[in-house]
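Presented below is the structure to which this report refers.
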Amino acid sequence: MKNGRLQRWKSVFLSVVLLFGFAPLVAREPAQSFDIVITNGHIIDGTGSPWYSGDIGIRDGKIAAIGNLHDAGRARTIEAHGKVVAPGFIDMLGQSEYTILVDPRLPSKIFQGITTEITGEGESIAPLNDAILRSDREQYDHYHIQPDWRTFREYFSRLEKQRIGINISSYVGATRVRRIVLGDNDVQPTPAQLEQMKDLVGQAMRDGAVGVSTALQYAPAPYAKTEELIALASKASKLGGIYATHMRDEGTGILSAIDEALRIGREGHIPVEIWHLKVAGKPMWGHMPEVVAKINEARAQGIDVSANTYAYPAWFNDFSAFIPPWAHDGGNAKLIERLKDPATRERIRKDMLTPSDHWQNEWQEIPGPEAVLIGVVHNPQLLPLQGKTLAEIAKMWNKDPMDVIFDLLIEDHALTYVAVFGMSEPDVALALQQPWVSIDNDSSGTSPDGILGQEHPHPRAYGTFPRILRKYVREEHKLTLEDALRKFSALPAQRMRLTDRGVLKAGMCADIVIFDPAKIHDVATFENPNQLSEGMEYVLVNGVPVIDQSKMTGALPGKVLRGPGYTP
């Protein structure tokens with residue numbers, strides 16, 4: 001009996017060996033092989049947790065393993081001994097939709113550690129029609145861009161065809177859909193026109209936009225009433241979108257502007273993101289605690305609202321924003337006509353000299369003309385004015401500073417950009433410290449070289465993220481390193497529903513930065529902004545180094561990150 005049973009077991013064993021071979025019967029750790037292994041770093045995962053030691057294995061653009069990978073096979077090792085290894089930084093408002101077509105590497109971004117940008121502030125790059133193309137022709141010509149798209153689907157396809165250095169997403173701008181249907185005029189949409197605008201938002205969402213946005217300071221956006229914006233936000237909400245806003249007023253009317261944003265979120269059933277949170281203008285200095293309290297109260301009531309900041313004391317915007325909204329009716333050509341007409345010019349002057357809560361009057365917000373720095377001009381004859389203050393030009397031209405504003409806008413076809421020193425440092429720092437505040441660069445990607453290097457941008461274009469690590473983490477201890485990196489990565493990824501980015505863990509896309517926290521710093525200044533930040537030793541986008549041993553590789557591994565409403 002016993003011999004018969006033994007014979008049967010021998011037969012079973014022999015059959016298994018013949019079928020599968022002997023090796024599978026011996027338990028073995030499967031051999032792992034990686035494209036890159038990052039070893040010996042201090043891993044700060046982006047969640048706010050403290051660092052831990054370990055190796056990160058990257059395969060096919062994703063984090064394949066984290067742990068002790070000492071014996072694992074790999075094509076390349078990156079030694080990060082004593083350095084911070086963190087998720088790539090997410091820029092919550094980037095503005096690179098034009099310049100990424102000029103220099104897709106975006107050096108100013110990657111040397112900061114930015115691996116993903118969200119763009120589309122009110123006036124998005126799509127949809128596009130012939131009327132807007134004619135009106136904005138100077139903008140395209142300035143960058144030597146041939147606009148061969150009309151929809152977001154076509155624009156994103158162009159980016160993918162040419163390839164890009166970082167990942168990019170975009171909102172569809174409420175201003176843009178308004179211009180498509182109503183032009184630049186101070187008019188209200190009929191019910192049929194509003195439906196047309198909603199359809200444009202819906203199409204943009206299906207093309208891959210991440211939500212709908214407003215920039216309510218810049219004409220023709222101020223002509224839109226709250227109900228119009230609720231209708232557009234509701235459409236985006238149905239397709240999983242977010243409502244992001246440069247609010248109607250960031251100065252003396254900011255609390256009312258927040259109320260409007262919250263109402264749009266509540267009635268549109270959509271999360272709200274407040275761009276570049278600030279209290280603008282000397283009369284408002286010291287009022288950030290009221291703003292913070294108002295947003296905290298809304299969050300306590302269950303309203304999904306958050307914000308971001310670039311943490312500089314100066315903003316950067318259209319110089320034409322100094323002019324009251326009514327004077328923009330019909331677009332820039334009509335504005336210039338009004339500035340040339342003596343009677344209308346005098347009316348504009350009177351409005352700028354009169355404090356008002358009905359529009360954000362930047363003339364009333366600045367300490368004086370020395371607080372306005374000319375940044376980007378489009379008229380080549382005006383290039384010598386870049387980097388000079390309004391006060392300096394008034395002295396050069398022997399004119400009243402307000403006349404300089406009017407005449408410079410005429411000469412530059414109302415396309416000038418300026419830095420405005422209108423914030424207080426305690427307000428800036430308090431906004432930055434809020435747990436629901438992430439970081440925006442609020443500048444287009446640029447380069448010290450080529451046509452982009454001829455501009456004089458805000459230094460935030462090159463320095464935002466490293467400046468926060470230097471100033472607010474290392475020098476002033478207003479943030480911990482872990483919290484700063486959470487604001488750079490997990491927090492914005494959570495807000496933007498980027499479920500495969502923003503945290504270092506297995507299965508996530510390998511957007512990774514490596515730097516020495518004692519050395520990373522910004523170099524760009526208001527006087528000399530075209531200087532790359534220093535200290536980023538490695539920046540990987542989708543597992544491919546775009547910065548390698550502190551040098552730009554020229555690789556273009558970025559992806560278009562489409563929103564949840566996208567339909568292929």
Side-chain angles (χ1 to χ4, degrees), residues 48 90-93 118-122 169 171-174 201 209-217 221 224 226-251 253-280 284 287-311 360 427-440 442 483 486-498 502 563-564:
I90 298 171
D91 177 0
M92 286 293 273
L93 177 58
I118 320 298
T119 190
E121 188 189 7
S169 287
Y171 291 91
V172 58
V201 169
V210 294
V212 66
S213 70
T214 55
L216 295 170
Q217 187 182 351
T226 309
E227 291 74 16
E228 175 184 318
L229 305 178
I230 292 169
L232 301 183
S234 297
K235 186 68 174 184
S237 174
K238 288 182 175 66
L239 293 161
I242 297 163
Y243 172 66
T245 181
H246 173 152
M247 294 186 297
R248 208 175 286 271
D249 197 325
E250 297 172 320
I254 188 170
L255 297 181
S256 296
I258 293 173
D259 283 334
E260 181 184 41
L262 297 177
R263 182 187 164 198
I264 292 166
R266 190 169 52 247
E267 297 184 23
H269 307 288
I270 192 168
V272 176
E273 180 72 12
I274 297 173
W275 275 324
H276 43 64
L277 183 67
K278 66 173 73 74
V279 283
M284 287 300 293
H287 286 270
M288 183 58 78
E290 298 166 46
V291 169
V292 168
K294 191 172 190 65
I295 294 173
N296 277 332
E297 181 185 4
R299 289 181 60 81
Q301 293 170 358
I303 299 174
D304 187 359
V305 55
S306 57
N308 51 69
T309 178
Y310 45 78
Q360 187 168 342
D427 289 329
V428 170
L430 182 61
L432 174 64
Q433 290 173 307
Q434 300 313 304
W436 35 263
V437 169
S438 55
I439 308 303
D440 72 278
D442 199 13
D483 194 31
R486 184 185 75 88
K487 289 173 174 290
F488 294 0
S489 57
L491 180 62
Q494 168 191 313
R495 167 47 96 208
M496 300 310 303
R497 287 78 175 268
L498 301 176

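For Arg497, the side-chain contact (heavy atoms from CB on, under 4.5 Å) partners at least two apart in sequence or on another chain are Ile242, Pro271. Looking at residues two or more places apart in sequence or on another chain, you find a side-chain contact (heavy atoms from CB on, under 4.5 Å) between Pro289 and Asp427, Leu430. For His246, the ring pair (Phe, Tyr, Trp, His ring centres under 6.0 Å) criterion is met by Tyr218, His276, not counting sequence neighbours. Listed by chain and residue number, nothing satisfies the side chain to side chain donor-acceptor pair (under 3.5 Å) test with Arg266 (two or more places apart in sequence, or in another chain). Not counting sequence neighbours, the partners of Tyr171 by the ring pair (Phe, Tyr, Trp, His ring centres under 6.0 Å) test are Trp275. With sequence neighbours left out, Ser237 forms a side chain to side chain donor-acceptor pair (under 3.5 Å) with no residue at all. In this structure, the side-chain contact (heavy atoms from CB on, under 4.5 Å) partners of Leu239, at least two apart in sequence or on a different chain, are Met205, Arg206. Residues passing the side-chain contact (heavy atoms from CB on, under 4.5 Å) test with Thr309 are Ala311, Leu432, Val437, Ile439, sequence neighbours excluded. In terms of the side chain to side chain donor-acceptor pair (under 3.5 Å) criterion, residue partners of Thr214 (sequence neighbours excluded) are, by chain and number, Tyr243, Thr245. Considering only residues two or more places apart in sequence or on other chains, Gln433 meets the side chain to side chain donor-acceptor pair (under 3.5 Å) condition with none of them.
Counting only heavy atoms from C-beta outward, the side chains of Lys487 and Pro492 never approach each other to under 4.5 Å. Contact check for Met247 versus Ile258: side-chain heavy atoms found under the 4.5 Å cut-off. For the pair Met496 and Met92, the minimum side-chain heavy-atom distance is below 4.5 Å.
Put simply, the side chain of Ser213 never gets that close to the backbone of Ala244: no donor and acceptor are under 3.5 Å apart.
Of the inter-residue distances, the one linking Asp440 atom CG with Glu121 atom CD reads 8.5 Å to the nearest 0.5 angstrom. Residue Ile90 holds its CD1 atom at 12.0 Å from CG of Asn308, rounded to the nearest 0.5 Å. Atom CG of Leu93 and atom CD1 of Ile118 lie 9.5 Å apart (nearest 0.5 Å). Going from atom CD1 of Ile264 over to atom CG of Leu229 covers 4.5 Å, rounded to the nearest 0.5 Å.
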Listing, residues 291-300 side-chain donor-acceptor contacts under 3.5 Å, not counting sequence neighbours, or none:
from: Lys294; atom 1: NZ; to: Asp259; atom 2: OD1; distance (Å): 2.9
from: Asn296; atom 1: OD1; to: Trp436; atom 2: NE1; distance (Å): 2.8
from: Asn296; atom 1: ND2; to: Val292; atom 2: O; distance (Å): 3.4
from: Arg299; atom 1: NH1; to: Val305; atom 2: O; distance (Å): 2.7

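Listed here is the closest heavy atom pair of Gln360 and Ala280: NE2-CB, 3.6 Å. Ala221 approaches Ala215 most closely through the heavy-atom pair CB-O, 3.1 Å. Pairing each heavy atom of Ala236 with each of Ile270, the nearest pair is CB-CD1, 4.1 Å. Heavy atoms only, all atoms of each residue included: Gly268 and Ile230 are closest at N-CG2, 4.2 Å.
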For this session: Mind running side chain to side chain contact (heavy atoms under 4.5 Å, CB included) on Ser438 and Glu273 for me, showing each step along the way?
Result: CA-CA 10 Å; Ser438 55; Glu273 180 72 12; 3.9 Å; yes
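Pairs of residues two or more places apart, or lying in two chains, that qualify as salt bridge (charged side-chain N to carboxylate O under 4.0 Å, His left out) and include a residue from residues 236-251 are Arg248-Glu260, Glu250-Lys278.
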